[in-house]
Amino acid sequence: MSAPVLLVVAHGSRDPRHAATVHALVRQVRALRPGVRVETGFLDFNVPSVPGVLESLATEGVRDVVALPLLLTRAFHAKADIPAVLADAPPRLRIRQAEVLGPSPLLLAALERRLYEAGLTPADKSSTGVVLASAGSSDPEAIAVIAEIAREWRRSGWCAVRPAFASASLPRTEDAVRELRALGCARVAVAPYVLAPGRLPDRIARGAAGADVLADVLGPSPEVARVLLERYDAARTPVLAAVGA
């Protein structure tokens, strides 16, 4: 039996950098797992749409699909939007929704990679305060996850790590930068916990004006591609078990 199709479900954006980054990440995933067919669908703004991809797959005769939300936290899109879209898929498709990407140790590794690419070194960790800057959410579960990631990352040796949010929640990036300055960290770095450029990442960048270092978004880093495949493998396991039953 062939492997289920991996459908990467991205939010979409009017900013062309968003789709370009999503496609670059999907190319990484294809390179890591050439035996798996990987498709991309967008919820809004970009094409192809998720319903359009699902219709095409059904027309081709595909049966099994793993729909993977390209999201870092389990908030409204993962809990409501995506399940609603998948529920309207052609009935011949067997679709499993994979878990969101975060939290994951691989994502922390990707964050550190971006900080080092921006000029820090491992020797700077103990004297550097980091702002873990996410897009933000009104979902308390998502906010709690970001706070826990910050606490966990602090234990890896940074001077301090503070969460910040570009929307819906507080503190903002600039507030967290000021707090780390007041704590006495020798330098302050901002690590965007976002997957692709866009309006909210731009807001994070503006809030990082008082920091010493601003890392790039996670983007098509190899660690993120590996997380996608981990979530895909976990979601497809019931398919394999059913076949062997």
Side-chain angles (χ1 to χ4, degrees), residues 1-12 21-44 46 48-110 137 139 141-142 145-146 148-149 193-196 218-245:
M1 176 183 175
S2 61
V5 172
L6 169 54
L7 172 59
V8 176
V9 180
H11 183 274
T21 302
V22 170
H23 290 308
L25 176 59
V26 168
R27 286 194 294 272
Q28 286 265 16
V29 174
R30 288 181 179 131
L32 286 173
R33 193 73 64 85
V36 172
R37 178 176 175 181
V38 187
E39 299 290 344
T40 307
F42 294 91
L43 293 174
D44 207 352
N46 303 104
S49 68
V50 175
V53 175
L54 293 172
E55 287 286 351
S56 295
L57 292 174
T59 300
E60 289 180 34
V62 170
R63 286 296 305 276
D64 291 311
V65 177
V66 170
L68 195 155
L70 197 61
L71 301 167
L72 293 172
T73 57
R74 185 172 149 74
F76 180 78
H77 292 303
K79 294 177 179 178
D81 277 359
I82 294 175
V85 171
L86 299 180
D88 287 336
R92 68 167 283 112
L93 292 175
R94 292 187 303 213
I95 304 175
R96 286 166 171 78
Q97 181 175 329
E99 290 297 326
V100 298
L101 303 185
S104 167
L106 284 168
L107 295 177
L108 287 180
S137 173
D139 188 306
E141 178 187 346
V145 167
I146 298 298
E148 178 55 34
I149 291 170
Y193 190 60
V194 292
L195 287 166
L218 292 171
S221 63
E223 296 90 350
V224 176
R226 287 167 57 198
V227 176
L228 262 73
L229 288 170
E230 284 186 356
R231 299 293 183 258
Y232 167 77
D233 288 338
R236 67 179 287 217
T237 299
V239 177
L240 299 179
V243 170

To the nearest 0.5 angstrom, please state how far the [atom1] atom of [X] sits from the [atom2] atom of [Y].
| X | Y | atom1 | atom2 | answer |
| --- | --- | --- | --- | --- |
| Ile95 | Leu7 | CD1 | CG | 8.0 Å |
| Leu6 | Arg30 | CG | CZ | 9.0 Å |
| Glu39 | Leu68 | CD | CG | 14.0 Å |
| Thr73 | Tyr193 | OG1 | OH | 7.5 Å |
| Asp44 | Asp81 | CG | CG | 9.0 Å |
| Arg92 | Arg63 | CZ | CZ | 5.5 Å |

Side chain proximity check, [X] to [Y], heavy atoms < 4.5 angstrom:
| X | Y | value |
| --- | --- | --- |
| Val36 | Leu229 | no |
| Leu70 | Val100 | no |
| Val8 | Val29 | no |
| Val224 | Ser221 | yes |

Quick one: list whatever passes side chain to side chain contact (heavy atoms under 4.5 Å, CB included) with [X], sequence neighbours left out.
| X | value |
| --- | --- |
| Thr40 | Val22, His23, Val26, Phe42 |
| Arg226 | Leu32, Leu106 |
| Pro103 | Val145, Ile149 |
| Asp139 | Ala75, Lys79, Ser137, Glu141, Ala142 |

- Which pairs count as side chain to side chain donor-acceptor pair (under 3.5 Å) when at least one residue sits in residues 50-61, sequence neighbours excluded?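 Pairs touching residues 50-61 that pass the test: Arg37-Glu60.
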- All salt bridge (Lys or Arg N to Asp or Glu O under 4.0 Å) counterparts of Glu223, not counting sequence neighbours: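 Salt bridge (Lys or Arg N to Asp or Glu O under 4.0 Å) check on Glu223 returns Arg113.
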- Message: Please enumerate all residues that pass salt bridge (Lys or Arg N to Asp or Glu O under 4.0 Å) together with Glu230, with sequence neighbours excluded.
- Response: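 Once residues adjacent in sequence are excluded, Glu230 has no partner under the salt bridge (Lys or Arg N to Asp or Glu O under 4.0 Å) criterion.
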- Query: Between Val65 and Arg94, does a side chain to side chain contact (heavy atoms under 4.5 Å, CB included) hold up when you go through it step by step?
  - Reply: CA-CA 6 Å; Val65 177; Arg94 292 187 303 213; over 6 Å; no
Short side-chain to backbone donor-acceptor contact, [X] and [Y], under 3.5 Å:
| X | Y | value |
| --- | --- | --- |
| Gln28 | Pro220 | yes |
| Arg231 | Leu101 | yes |
| Tyr232 | Pro4 | yes |

- Message: Just to verify, what does Arg33 make a side chain to side chain donor-acceptor pair (under 3.5 Å) with, not counting sequence neighbours?
- Response: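 Listed in chain order: Asp233.
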Testing the basics here: between [X] and [Y], what is the closest heavy-atom pair and its distance to 0.1 Å?
| X | Y | answer |
| --- | --- | --- |
| Val66 | Ala98 | CG1-CB, 4.0 Å |
| Val53 | Gly41 | CG2-CA, 4.2 Å |
| Gln97 | Ala78 | NE2-O, 3.1 Å |

- Message: Go through it in stages, so that I can follow the logic: the residues are Leu195 and Thr21, the test is side chain to side chain contact (heavy atoms under 4.5 Å, CB included), and I'd like the CA-CA distance, side-chain angles, deciding distance and then a yes or no.
- Response: CA-CA 8 Å; Leu195 287 166; Thr21 302; over 6 Å; no
- Query: Checking side chain to side chain contact (heavy atoms under 4.5 Å, CB included) for the pair Leu54/Leu93: CA distance, chi angles, key distance, verdict?
  - Reply: CA-CA 8 Å; Leu54 293 172; Leu93 292 175; 4.0 Å; yes
